[in-house]
Every structure is written in C-alpha cells, then in structure tokens.
Amino acid sequence: MADEHYYAGAKIPFDFELDTAVDNIVINAVKYPSIVIAKYSYPAKEGYTTLTKVGNTYSGVLLDTDTRDITSGKLQLEAKTWIGNSWAPIGIIPISAIISNTVGHEEKW
C-alpha cells in the first residue's frame, strides 16, 4: 500500500497485518502529521467503524466521504492496542498520497 497515489474522494481499502493477533485494536487514519480523518476498531466500539479480522490481519475501507475534503497530503494508518491499563502504539503504515481531483490540476509528492 505504501507510496500509492489516490484521488481525493477515493475509497481506499486497507489491511493491517500484525505478527500476532490481538484482542483489542484501534486504527486511526491520519492525514500527516496529526489530523484523524477516520477511526476503526476491533471489536466494535462506539464512534468507530468496525474492522474485519481474519487471523492476524485487520481490514477496513476509508470511504469517499473520509477522503473527499483532502485536496492533497500524505495518509497513514496508526494502530494501537490495549496493554496493561492504557493504549500503546503498535505500528504505523503510510498508505497513500492524495492528489487533487480537480480537472487540469494535480499535486504530486
């Protein structure tokens, strides 16, 4: 998924694979460096879109409504799991660069 380019307003499917499955995970889609545009979780949590889990892989889709207002920028997935009594980061995956969908205008990274 890294280094792919998508147009603003695109649906972007993603997979987040871990070495070992966890029982509780949240994944935020973040417009770099710090704007959260969508939230996902496994298992289901209020205010989050539920991820699909198969083995060690968690899957979801960034919707066109999530990406339509991004004229340009880098996106990444930031995953956390519950360890002890707090959320702990377990990985970051850069998933794309968004380019403008305006006819005749394109911003590249």
Side-chain angles (χ1 to χ4, degrees):
M1 247 186 260
D3 298 326
E4 292 185 30
H5 289 77
Y6 295 93
Y7 285 103
K11 289 183 180 179
I12 305 172
F14 65 85
D15 294 322
F16 201 104
E17 186 175 350
L18 301 176
D19 291 337
T20 304
V22 295
D23 294 330
N24 201 345
I25 188 171
V26 294
I27 296 176
N28 291 332
V30 177
K31 180 179 183 248
Y32 185 82
S34 62
I35 300 169
V36 176
I37 62 168
K39 299 178 187 180
Y40 302 85
S41 71
Y42 184 88
K45 290 185 185 310
E46 187 174 336
Y48 291 76
T49 301
T50 304
L51 293 165
T52 301
K53 177 185 176 206
V54 177
N56 300 346
T57 302
Y58 303 83
S59 302
V61 177
L62 271 167
L63 300 177
D64 52 345
T65 53
D66 297 327
T67 67
R68 73 173 171 219
D69 293 329
I70 302 173
T71 55
S72 65
K74 295 182 181 182
L75 294 178
Q76 61 189 30
L77 298 175
E78 299 179 354
K80 297 177 183 179
T81 190
W82 191 258
I83 297 175
N85 60 357
S86 63
W87 289 101
I90 56 174
I92 295 175
I93 297 176
I95 61 168
S96 68
I98 299 291
I99 55 178
S100 172
N101 63 2
T102 305
V103 175
H105 177 72
E106 190 173 287
E107 294 182 24
K108 295 185 179 179
W109 290 88

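All values below were derived from every heavy atom in this structure, side-chain atoms included, with hydrogens, water molecules and symmetry-related copies excluded.
- A distance-only check finds a donor-acceptor pair linking the side chain of Trp82 to the backbone of Gly84 [under 3.5 Å].
- Taking CD1 of Ile92 as the reference point, atom CG of Asn28 lies at 10.5 Å (rounded to 0.5 Å).
- A distance of 8.5 Å separates CG of Leu75 from NZ of Lys31, quoted to the nearest 0.5 Å.
- Take Ser59 and apply the side-chain hydrogen bond (donor to acceptor under 3.5 Å, both in side chains) test, not counting sequence neighbours, and it matches Asp15.
- The hydrophobic cluster containing Val36, built from Ile/Leu/Val/Met/Phe/Trp/Tyr side-chain heavy atoms closer than 4.5 Å, also comprises Val30.
- Under a hydrophobic-cluster definition in which Ile, Leu, Val, Met, Phe, Trp and Tyr are linked whenever side-chain heavy atoms come within less than 4.5 Å, directly or via other members, Phe16 and Val26 are assigned to different clusters.
- Distance check, rounded to the nearest 0.5 Å: CG of Asp64 to CD1 of Ile12 gives 10.0 Å.
- Within the structure, no pair that satisfies the side chain to side chain donor-acceptor pair (under 3.5 Å) test touches residues 48-58, not counting sequence neighbours.
- Ala21 and Gly55 get closest at one heavy-atom pair: CB-O, 3.5 Å.
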Residues 37-46 side chain polar contacts: donor-acceptor under 3.5 Å, at least two apart:
| from | atom 1 | to | atom 2 | distance (Å) |
| --- | --- | --- | --- | --- |
| Tyr40 | OH | Val61 | O | 3.0 |
| Ser41 | OG | Pro43 | O | 2.9 |
| Ser41 | OG | Lys45 | N | 3.2 |
| Lys45 | NZ | Asn24 | OD1 | 3.2 |

(Q) For Ile25 and Ile90: C-alpha separation, side-chain torsions, deciding distance, then whether side-chain contact (heavy atoms from CB on, under 4.5 Å) applies. (A) CA-CA 9 Å; Ile25 188 171; Ile90 56 174; 4.0 Å; yes

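- Phe14 CZ to Leu62 CG: the interatomic distance, rounded to the nearest 0.5 Å, is 6.0 Å.
- Hydrophobic clustering keeps Leu63 apart from Leu51 (ILVMFWY residues linked when any side-chain heavy atoms are closer than 4.5 Å, directly or through intermediates).
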